[in-house]
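Everything on this sheet refers to the single structure shown next.
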Amino acid sequence: MRLSRRVSLFLLAFGVWSWIIWITFARNLWGSDDAWNPDGSPTAYFVVHALLAVTSFVLGTIIGVLGWRGWRAARGGGGES
């Protein structure tokens, strides 16, 4: 099944958007006072949100790669079946 250029572009944009948003969130999370206990260990808030960020990075990458492959195949340069 081939993806249309429009769908491929949407998936690619979603992957990029996911990385931009979650990198910003991860930076803010790291510097947050809510993320660390007084002894320097991570709080449950940090652990949960770090797992969310990692999951979003992985899914954003997968979705972006699918979009990129669909875009290339729709241009006729993909050579994939």
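Treat the numbers as computed from the prediction; the structure is a model and nothing was measured.
Across all their heavy atoms, Leu29 and Tyr45 have their closest contact at CD1-CE2, 3.6 Å. Taking every heavy atom of both residues into account, Gly64 and Leu12 meet most closely at O-CD1, 3.5 Å. The shortest non-hydrogen separation linking Ser56 to Ser18 is O-OG, 3.2 Å. Residues Gly70 and Ser8 come closest through the heavy atom pair C-OG, 3.1 Å. The shortest heavy-atom contact between Arg5 and Ala74 is CG-CB, 3.2 Å. When every heavy atom of Thr43 is checked against every heavy atom of Asn37, the shortest pair comes out as CG2-OD1, 3.3 Å.
Taking the six-membered ring for Trp and the full ring otherwise, Trp17 and Phe14 have centroids separated by 6.0 Å or more.
Follow the hydrophobic side-chain contacts under 4.5 Å out from Leu59 and you never reach Phe57; the two are in separate clusters. The hydrophobic cluster containing Val58 does not contain Trp19, counting ILVMFWY residues as joined when their side-chain heavy atoms lie under 4.5 angstrom apart, directly or transitively.
Other residues, nucleotides and ligands contribute at most 12 non-hydrogen atoms within 6.0 Å of the CZ atom of Phe10. When the shell of 6.0 Å around CG of Asp39 is examined, it contains more than 12 heavy atoms from other residues, nucleotides or ligands.
Using a 4.5 Å cut-off on side-chain heavy atoms (C-beta onward), Trp71 and Leu11 make no contact. A 4.5 Å side-chain heavy-atom check between Trp30 and Trp36 finds at least one atom pair inside the cut-off.
Ring geometry for His49 versus Phe25: interplanar angle of 30 to 60°, hence tilted.
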